[in-house]
> 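My questions will all concern the structure given below.
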Amino acid sequence: MMGRSVRLLPALALALAVAYPIRAQNLPADTARQEAIGRAQQAAAADDCAGVLGALDPLVPGLAQGDQRTLIQRLRLICLGREGRFEELAEVQHELTVAMPRDGTVRAFGVIIALGEERFADAADQLATLAASSPSSLNILTGAAVREISTRLQQSNALAVRNRMMIALARADWEPSDIPELRTGFAEGAISALLDEGQPDEAEGLLERIEQPELLSSMLVDRHYAPIWRAVESRLGPAGGLSVDNFARDKLGTYADMPTSDTALRDAANAMLLLGRYPDLIDMTDDVAVREGMSRDEVQTVLMRARALAVLGRTAEADRVLAPFMTLDPARSPEIVTALITYPEFLDETGQSARALETARAVRDRGASVINGFGMRWVDRTEICALSALGRTAEAGAAIDRLKPRFGENHAALIESLLCAKRDAEASEFALKAFADKDAGTELIYQFQPEGSIWGAGPSRLRDLWTAFLARPAIKAAFEKRGRILPRAYWPGAKPREIPRRPAAGENLT
């Protein structure tokens with residue numbers, strides 16, 4: 001566990017260590033030591049951790065406690081992690097915690113060590129302290145490491161600890177270099193946490209970091225956000241147009257400046273989806289290929305391309321876009337997980353039940369090592385819905401029986417499976433049970449949103465099942481306690497929006 005976590009250090013971490021060089025006046029008088037430290041600093045400048053440690057390791061046993069030892073140990077700290085020397089890493093970090101208790105780099109490694117030892121609450125507490133006391137040192141960490149801490153805390157229902165961490169990260173306004181969009185995620189988490197604490201004013205102040213129209217819309221259907229609904233509505237604008245135009249202007253402008261960036265293309269494709277300009281989306285993503293080792297951004301871009309084709313009724317073309325994902329090895333291409341879950345669902349939604357069943361079972365077999373429990377339950381759902389559509393009731397029932405004990409992993413998947421199997425009474429029992437739990441109930445409210453309220457949504461028989469399900473009085477009453485249907489004033493317009501232009505020099509948008 002330690003190794004996996006420490007490898008989440010970004011390459012720039014070593015440069016941060018070099019930013020605190022050992023000054024000449026602090027060097028030992030021994031010429032050999034001076035030369036060794038000089039070699040270590042040269043190796044650090046070349047991002048050569050083996051060279052750093054090779055030069056410094058022999059010096060440590062002969063150094064007494066003091067400034068010289070502390071400075072050398074600090075230079076070794078990051079490289080011990082990079083080279084996988086985890087036991088020594090913990091020892092050195094502990095030593096430096098005593099010698100340099102306020103040092104941001106030392107504190108950051110305390111987070112990494114706690115994560116590696118699966119002390120997730122401790123890691124979150126240390127991270128919150130780091131964000132408040134030395135926010136620049138957050139850059140020693142990766143977004144992937146912090147996301148793992150957040151996920152593990154959520155899984156263990158340690159929400160108070162997670163909330164403190166999110167608020168601290170949002171206040172520090174950290175944007176991880178490896179996953180920049182987590183800046184928005186931290187703001188979202190902090191907004192929710194601040195509302196829990198009865199601080200709507202600070203929560204509202206963070207809304208300016210939420211640029212995604214879909215995320216703003218999701219806040220408008222969740223009653224947890226009711227204290228800031230007016231502010232959210234102002235950011236969205238009628239038919240969501242204000243937020244869509246702002247998002248599209250920014251992302252299309254970035255893509256024009258960085259046409260070779262996978263992230264910029266993904267965001268530009270998303271902008272076209274939100275603008276309702278599906279042919280433009282298809283045109284701009286024509287060169288993105290499904291291939292081994294593709295990035296998460298590329299996967300998301302391909303999925304948006306398939307979505308646009310499906311909305312236009314070009315389902316055969318969408319099928320040809322998605323099918324190649326089944327030829328890839330999930331172990332070598334872990335970012336394709338979402339596509340593997342999406343493809344059998346797409347086949348089921350388009351009435352290709354036999355293929356959906358075959359594909360879902362293939363995904364389960366091939367993706368077992370990379371798809372988490374939540375995702376795998378969606379695959380189970382697709383299998384059950386396909387079996388039900390094929391009239392194979394007994395097999396569907398057996399699959400439902402296997403799924404029921406795992407209800408907590410994905411509440412919506414079991415309920416949707418029961419709806420597919422026309423077992424609405426049982427679906428009601430499980431839905432009411434989920435609505436009684438705050439987090440599970442929040443998860444469900446998005447399933448009930450109608451097609452017209454969702455950007456880039458095509459016809460869906462699964463969504464129709466939820467719409468009909470909401471007509472049951474007990475379900476509607478439970479739903480209304482947790483959420484609401486998005487007000488029609490904020491539903492996307494039926495026609496494509498014009499592409500918003502950048503303002504010319506000296507021009508503003510008002």
> Any side-chain heavy atom of Glu426 sitting closer than 4.5 Å to one from Lys404?
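Heavy-atom side-chain distance check passes, below 4.5 Å.
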> Does either side chain, that of Thr442 or that of Arg482, offer a donor lying less than 3.5 Å from an acceptor on the other one?
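Distance-only check fails for Thr442 and Arg482.
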> Could you go through Met272 and Leu252, starting from their C-alpha distance and side-chain angles, then the distance that decides it, and tell me whether this counts as side-chain contact (heavy atoms from CB on, under 4.5 Å)?
CA-CA 9 Å; Met272 289 300 186; Leu252 293 174; 4.0 Å; yes
> Salt bridge or not between Arg377 and Asp380? Use side-chain N to carboxylate O under 4.0 Å.
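Counted as a salt bridge, because a side-chain N and a carboxylate O are separated by less than 4.0 Å.
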> Which residue is it: Lys251, Glu214, Arg497? I am looking for the one with a side chain to side chain contact (heavy atoms under 4.5 Å, CB included) to Leu274.
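Testing each of Lys251, Glu214, Arg497 against Leu274, the sole residue satisfying side chain to side chain contact (heavy atoms under 4.5 Å, CB included) is Glu214.
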> Is there side-chain contact between Pro176 and Leu141, with at least one heavy-atom pair below 4.5 Å?
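No, their side chains stay 4.5 Å or more apart.
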> If we count only N and O atoms by modelled type, under 3.5 Å, do the side chains of Gln126 and Asp122 hold a donor and an acceptor together?
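A donor-acceptor contact under 3.5 Å links the two side chains.
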> List the steps and the verdict of side-chain hydrogen bond (donor to acceptor under 3.5 Å, both in side chains) for Thr382 and Glu345.
CA-CA 6 Å; Thr382 298; Glu345 178 183 333; 5.2 Å; no
> Determine the minimum heavy-atom distance between Ile149 and Ala124, stating which atoms define it.
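So the minimum-distance heavy-atom pair works out to CG2-CB, 4.0 Å.
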> Judged by modelled atom types alone, do Arg162 and Ser150 share a side-chain donor-acceptor pair under 3.5 Å?
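Side chains of Arg162 and Ser150: pair found under 3.5 Å.
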> Between Lys438 and Asp196, does any side-chain N to carboxylate O distance fall below 4.0 Å?
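So Lys438 pairs with Asp196 through a salt bridge.
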> Using a 6.0 Å distance limit plus a 45 degree cone around the ring axis, check whether Arg488 lies over the aromatic ring of Trp491.
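Verdict for Trp491: a cation-pi partner in Arg488.
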> I'd like to know if Arg249 pairs up with Glu498 as an ion pair, taking the criterion as any Lys NZ or Arg NE/NH1/NH2 lying under 4.0 Å from an Asp or Glu carboxylate oxygen.
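Salt bridge: no.
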> Could you tell me the separation between the CD1 atom of Ile485 and the CZ atom of Phe479, rounded to the nearest 0.5 Å?
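Answer for the CD1-CZ pair, Ile485 versus Phe479, is 4.0 Å.
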> Asn246 side chain to Leu242 main-chain N or O, any donor-acceptor pair under 3.5 Å?
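Yes, because the side chain of Asn246 sits within donor-acceptor range (under 3.5 Å) of the backbone of Leu242.
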> Is there a side-chain contact between Leu418 and Asp424 in this structure, where contact means two heavy atoms from C-beta onward sitting under 4.5 Å apart?
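Leu418 does not reach Asp424 side chain to side chain.
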> With rounding to the nearest 0.5 angstrom, report the OG to CD distance, Ser192 to Glu197.
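Ser192 atom OG to Glu197 atom CD measures 10.5 Å (nearest 0.5 Å).
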> Please determine whether a side-chain nitrogen of the Lys or Arg among Arg266 and Glu181 lies less than 4.0 Å from a carboxylate oxygen of the Asp or Glu.
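Between Glu181 and Arg266 there is a salt bridge, with a charged N closer than 4.0 Å to a carboxylate O.
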> Counting C-beta onward and ignoring hydrogens, is there a side-chain heavy-atom pair between Asn163 and Leu194 closer than 4.5 Å?
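Asn163 vs Leu194: side chains apart.
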> Could you tell me whether Arg235 and Glu204 have a side-chain N and a carboxylate O separated by less than 4.0 Å?
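Salt bridge between Arg235 and Glu204, a charged N being under 4.0 Å from a carboxylate O: no.
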> Give a yes or no on whether the backbone of Gly375 and the side-chain of Asn410 come within a donor-acceptor separation of less than 3.5 Å.
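No; zero donor-acceptor contacts below 3.5 Å.
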> Could you walk me through whether Arg484 and Asp222 pass the salt bridge (Lys or Arg N to Asp or Glu O under 4.0 Å) check?
CA-CA 7 Å; Arg484 64 175 179 173; Asp222 185 346; over 6 Å; no
> Would you please test Arg463 and Glu349 for salt bridge (Lys or Arg N to Asp or Glu O under 4.0 Å) and show each step?
CA-CA 10 Å; Arg463 195 178 300 112; Glu349 286 273 46; 5.9 Å; no
> Going through the distances and angles, do Val232 and Tyr225 end up as a side-chain contact (heavy atoms from CB on, under 4.5 Å)?
CA-CA 9 Å; Val232 176; Tyr225 296 95; 5.7 Å; no
> Just wondering, do Gln154 and Thr151 contact through their side chains at under 4.5 Å, heavy atoms?
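A side-chain contact under 4.5 Å is absent here.
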> Could you give the distance from CG (Leu465) to CD (Gln447), rounded to the nearest 0.5 Å?
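Between Leu465 CG and Gln447 CD, I get 11.0 Å after rounding to 0.5 Å.
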> How close do Ser353 and Ala386 get, heavy atom to heavy atom, and via which atoms?
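Heavy atoms only, the tightest pair is O-CB, 3.5 Å.
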> Please report the closest heavy-atom contact between Ile191 and Ala203, naming both atoms and the distance.
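Shortest heavy-atom separation between Ile191 and Ala203 comes out as CG1-O, 3.5 Å.
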> Which atoms form the tightest heavy-atom contact between Val321 and Ala306, and what is the distance?
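Of all heavy-atom pairs spanning Val321 and Ala306, the closest is CG1-CB, 4.0 Å.
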> Hey, mind stepping through Phe186 and Glu175 against side-chain contact (heavy atoms from CB on, under 4.5 Å) and telling me if it holds?
CA-CA 9 Å; Phe186 300 147; Glu175 182 176 276; over 6 Å; no
> Does NZ or CZ of Arg223 come closer than 6.0 Å to the centre of the six-membered ring of Trp229, within 45° of the ring's axis?
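Not satisfied by the 6.0 Å and 45° rule.
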> Could you measure the distance from the CG atom of Asp267 to the OG1 atom of Thr254? Nearest 0.5 Å is fine.
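The CG atom of Asp267 sits 7.5 Å away from the OG1 atom of Thr254.
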> Step by step, work out the side-chain hydrogen bond (donor to acceptor under 3.5 Å, both in side chains) result for Tyr343 and Arg355.
CA-CA 10 Å; Tyr343 184 44; Arg355 288 184 63 205; 2.7 Å; yes
> If only atom types and distance count, is the side chain of Thr359 paired as donor or acceptor with the main-chain N or O of Ala356 below 3.5 Å?
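Looks like no, no N/O pair under 3.5 Å.
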> Taking everything shown except Glu292 itself, do over 12 heavy atoms lie less than 6.0 Å from its CD?
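Atom CD in Glu292 is crowded, with more than 12 foreign heavy atoms closer than 6.0 Å.
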> Would Arg366 and Asp329 satisfy salt bridge (Lys or Arg N to Asp or Glu O under 4.0 Å), going step by step from the backbone distance to the final call?
CA-CA 8 Å; Arg366 299 177 61 241; Asp329 179 359; 5.7 Å; no
> Got a donor-acceptor contact below 3.5 angstrom from the Gln449 side chain to the Ile445 backbone?
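Yes; judged by distance alone, with no hydrogens or angles, the pair exists.
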> Could you tell me if the side chain of Ile371 sits less than 4.5 Å from the side chain of Ile341, heavy atoms only?
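Ile341 reaches Ile371 side chain to side chain.
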> Can you find a pair of side-chain heavy atoms, one from Ile113 and one from Arg119, that are under 4.5 Å apart?
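A side-chain contact exists here, since the closest heavy-atom pair is under 4.5 Å.
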> Under 30°, 30 to 60°, or over 60°: which ring-plane class applies to Phe448 and Trp466, parallel, tilted or perpendicular?
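Phe448 and Trp466: perpendicular rings.
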> Ignoring hydrogens and geometry, is there a side-chain-to-backbone donor-acceptor pair from Ser333 to Ile336 under 3.5 Å?
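No: the side chain of Ser333 does not pair with the backbone of Ile336.
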> Using a strict 4.0 Å threshold on nitrogen-to-oxygen distance, state whether Arg364 and Glu383 make a salt bridge.
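The answer is yes: the pair qualifies as a salt bridge.
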> Apply side-chain contact (heavy atoms from CB on, under 4.5 Å) to Thr393 and Ser388, showing your working.
CA-CA 6 Å; Thr393 307; Ser388 300; over 6 Å; no
> Flag yes if more than 12 heavy atoms outside Lys422 fall under 6.0 Å of its NZ atom; otherwise flag no.
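Counting neighbours around NZ of Lys422, 12 or fewer heavy atoms of other residues, nucleotides or ligands fall under 6.0 Å, so no.
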> Can you tell me how far the CE atom of Met304 sits from the CG atom of Asn270, to the nearest 0.5 Å?
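Here the interatomic distance stands at 5.0 Å.
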> Taking CD in Glu358 as the centre, count heavy atoms belonging to other residues, nucleotides or ligands within less than 6.0 Å. Is the count above 12?
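Open.
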> Salt bridge or not for Glu480 and Lys476, using N-O below 4.0 Å?
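Looking at Lys476 together with Glu480, the answer is yes, because their closest N to O distance falls below 4.0 Å.
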> Which atom names give the shortest non-hydrogen contact between Ile179 and Ala144, and what distance separates them?
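For Ile179 and Ala144, the tightest heavy-atom pair comes out as CD1-N, 3.8 Å.
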> Do Tyr278 and Arg305 have side-chain atoms, one donor and one acceptor, less than 3.5 Å apart?
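No.
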> With salt bridge (Lys or Arg N to Asp or Glu O under 4.0 Å) as the criterion, how do Arg230 and Glu233 come out once you've worked through the C-alpha distance, each side chain's angles and the decisive distance to 0.1 Å?
CA-CA 5 Å; Arg230 287 191 177 181; Glu233 290 167 352; 5.9 Å; no
> CG of Leu403 to CG of Leu414: how many Å apart, nearest 0.5 Å?
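That separation rounds to 4.5 Å.
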> Does either side chain, that of Ser295 or that of Glu298, offer a donor lying less than 3.5 Å from an acceptor on the other one?
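Yes.
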> Do the side chains of Val290 and Thr327 get nearer than 4.5 Å, heavy atoms only?
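A side-chain contact under 4.5 Å is absent here.
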